[in-house]
Undergrad: 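Got a structure for you, questions after.
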Amino acid sequence: MLSFSIRTLAQGAVQVDADLPSDDAVWMEGDVRPVQAVRVTGRLSGAGAGRFYFSGGFRGTAAGECRRCLATVEFVVQNEAHLLFADADDENADEPDVYSLGDAGLTLDLRPAIREQWLLDASGLPLCRPDCKGLCPTCGADLNAGPCACLPAVLQG
C-alpha cells in the first residue's frame, strides 16, 4: 500500500514495503513504464506540523528500444528517494521539491512522487550494450550482426 492516512502517520512513523503495479492509473501515456511492479521500500514519518518525510528507495525494470539499433532492451531503474510532503497551505508547498498532500490533507499518496522519481531515473535513451554499433544510415542493416555492403569496412567501426 502506498497511500497512508494522515491520522495513522500522526501516531508515528510507518515502514513502507509495497509495490507500485505497472498497470496502476498513476502511469501516463508516454511514460517509460515498468515491465513489472516497482518495489518501494523506506520509512514515512512526520516532519513538523502538516509535513511528512519519506526516506527510502525504489527498484524496477523498464523496457525500451536501444537508441542505436532499435532492439528491445530491458534495464533496471533504481534509486534512493527522499521526499517531503506538505499541506497545500504550507509556506513551502509551491516549491518544486515539495509534494502536496492529497484528499484535502486526509491522505498521503506516495504513487505520484514515486512515478516522478522513476521518470527522472529511467533513461529515455537506453543502449542494448555499451559497444552497440547501431544501424547503417544507408540501408538500415544492424551493424552488430556484421558489416553491410553499403559502407567501407573502415567506417563500420
Side-chain angles (χ1 to χ4, degrees), residues 1-135 142-145 157:
M1 172 174 81
L2 293 171
S3 184
F4 302 88
S5 163
I6 297 300
R7 286 184 183 162
T8 302
L9 294 173
Q11 296 172 4
V14 295
Q15 289 300 122
V16 177
D17 189 4
D19 290 332
L20 177 55
S22 59
D23 61 352
D24 191 284
V26 75
W27 303 109
M28 296 181 186
E29 186 176 334
D31 284 355
V32 176
R33 288 188 181 217
V35 175
Q36 298 171 341
V38 175
R39 190 72 181 164
V40 180
T41 58
R43 184 173 189 260
L44 186 57
S45 59
R51 292 181 177 194
F52 299 90
Y53 180 69
F54 173 77
S55 178
F58 60 90
R59 179 183 172 87
T61 302
E65 290 182 334
C66 174
R67 68 179 181 217
R68 293 183 187 158
C69 71
L70 305 179
T72 300
V73 59
E74 288 190 0
F75 52 99
V76 173
V77 179
Q78 69 178 17
N79 207 344
E80 292 181 5
H82 303 281
L83 310 170
L84 182 62
F85 295 84
D87 285 328
D89 60 350
D90 186 278
E91 64 186 39
N92 295 318
D94 59 348
E95 295 289 324
D97 294 337
V98 176
Y99 296 91
S100 180
L101 297 175
D103 294 340
L106 300 176
T107 62
L108 187 154
D109 187 357
L110 282 174
R111 297 172 315 131
I114 295 298
R115 173 191 167 264
E116 183 176 305
Q117 295 300 307
W118 168 273
L119 293 174
L120 290 170
D121 291 315
S123 171
L125 302 170
L127 285 172
C128 62
R129 60 183 199 226
D131 63 341
C132 177
K133 295 179 182 176
L135 303 175
D142 184 354
L143 299 176
N144 295 310

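Note that these values count all heavy atoms, side chains included, but never hydrogens, waters or copies made by symmetry.
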Undergrad: Suppose we screen for side-chain contact (heavy atoms from CB on, under 4.5 Å). Which residues come up paired with S3, at least two apart in sequence or across chains?
TA: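 Partners of S3 under the side-chain contact (heavy atoms from CB on, under 4.5 Å) test: T107, D109.
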Undergrad: Tell me the closest heavy-atom pair linking V35 and A62, and the distance in Å.
TA: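 In this case the closest contact between V35 and A62 is CG2-C, 3.7 Å.
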Undergrad: Can you name the side-chain hydrogen bond (donor to acceptor under 3.5 Å, both in side chains) partners of N144, sequence neighbours left out?
TA: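 By the side-chain hydrogen bond (donor to acceptor under 3.5 Å, both in side chains) rule, N144 matches R129, D142.
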Undergrad: What pairs of residues pass the ring pair (Phe, Tyr, Trp, His ring centres under 6.0 Å) test when at least one of them lies in residues 73-92, not counting sequence neighbours?
TA: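 Sorted result for residues 73-92: F85-Y99.
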Undergrad: What I'd like to find out is whether the side chain of D97 reaches to under 4.5 Å of the side chain of L84, using heavy atoms alone.
TA: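 In short, these two side chains do not touch, never coming nearer than 4.5 Å.
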Undergrad: Determine the minimum heavy-atom distance between G50 and L101, stating which atoms define it.
TA: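 Smallest interatomic distance, heavy atoms only, reads O-CD1, 4.0 Å.
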Undergrad: V98 and A86: which non-hydrogen atoms are nearest, and at how many Å?
TA: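 Shortest heavy-atom contact: CG1-CB, 3.7 Å.
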Undergrad: Check C132 against C66 and note the closest heavy-atom contact, atom names and distance.
TA: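 Here C132 and C66 meet closest at SG-SG, 3.7 Å.
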Undergrad: Can you name the residues that form a side-chain contact (heavy atoms from CB on, under 4.5 Å) with D24, not counting sequence neighbours?
TA: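 If we apply the side-chain contact (heavy atoms from CB on, under 4.5 Å) test to D24, skipping adjacent residues, the hits are L20, P21, V26, W27, R111.
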Undergrad: Out of V40, L83, L110, which one pairs with Q117 under the side-chain contact (heavy atoms from CB on, under 4.5 Å) rule?
TA: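 Going through the options one by one, the only one that passes is L83.
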Undergrad: So which pairs with a foot in residues 67-85 pass salt bridge (Lys or Arg N to Asp or Glu O under 4.0 Å), sequence neighbours left out?
TA: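 Salt bridge (Lys or Arg N to Asp or Glu O under 4.0 Å) check on residues 67-85 returns no pairs.
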Undergrad: Which residues satisfy the side-chain contact (heavy atoms from CB on, under 4.5 Å) test with M28, sequence neighbours excluded?
TA: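 If we apply the side-chain contact (heavy atoms from CB on, under 4.5 Å) test to M28, skipping adjacent residues, the hits are D31, R115.
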Undergrad: Who are the side-chain hydrogen bond (donor to acceptor under 3.5 Å, both in side chains) partners of R59, not counting sequence neighbours?
TA: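 With neighbours one apart ignored, the set is Q78.
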Undergrad: If every non-hydrogen atom of A18 is compared with every non-hydrogen atom of L2, which pair is closest and at what distance?
TA: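 A18 and L2 have their closest heavy atoms at CB-CD2, 3.9 Å.
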Undergrad: Sequence neighbours left out, what pairs pass ring pair (Phe, Tyr, Trp, His ring centres under 6.0 Å) with at least one residue falling in residues 28-71?
TA: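 Sorted pair list comes back empty.
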Undergrad: Measure the spacing between OG1 of T41 and CD of Q15 and express it to the nearest 0.5 Å.
TA: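 Those atoms lie 9.0 Å apart.
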Undergrad: Would you sort out whether D17 and R39 count as a side-chain contact (heavy atoms from CB on, under 4.5 Å), showing the intermediate values?
TA: CA-CA 7 Å; D17 189 4; R39 190 72 181 164; 2.5 Å; yes
Undergrad: Could I get the full list of side-chain hydrogen bond (donor to acceptor under 3.5 Å, both in side chains) partners for D23, not counting sequence neighbours?
TA: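 Once residues adjacent in sequence are excluded, D23 has no partner under the side-chain hydrogen bond (donor to acceptor under 3.5 Å, both in side chains) criterion.
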Undergrad: Looking at residues at least two apart in the chain, or sitting in another chain, which of them share a side-chain contact (heavy atoms from CB on, under 4.5 Å) with A13?
TA: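 Partners of A13 under the side-chain contact (heavy atoms from CB on, under 4.5 Å) test: R43, S45.
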Undergrad: Supply the atom-to-atom distance S100 OG to D87 CG, rounded to the nearest 0.5 angstrom.
TA: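 Interatomic distance, S100 OG to D87 CG, rounded to 0.5 Å: 8.0 Å.
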Undergrad: Is Q36 atom CD crowded by more than 12 heavy atoms from other residues, nucleotides or ligands, each under 6.0 Å away?
TA: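 No, not enclosed.
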Undergrad: Holding to side-chain hydrogen bond (donor to acceptor under 3.5 Å, both in side chains), I want the full list of residues that pass it with R51, two or more places apart in sequence or in another chain.
TA: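 D90.
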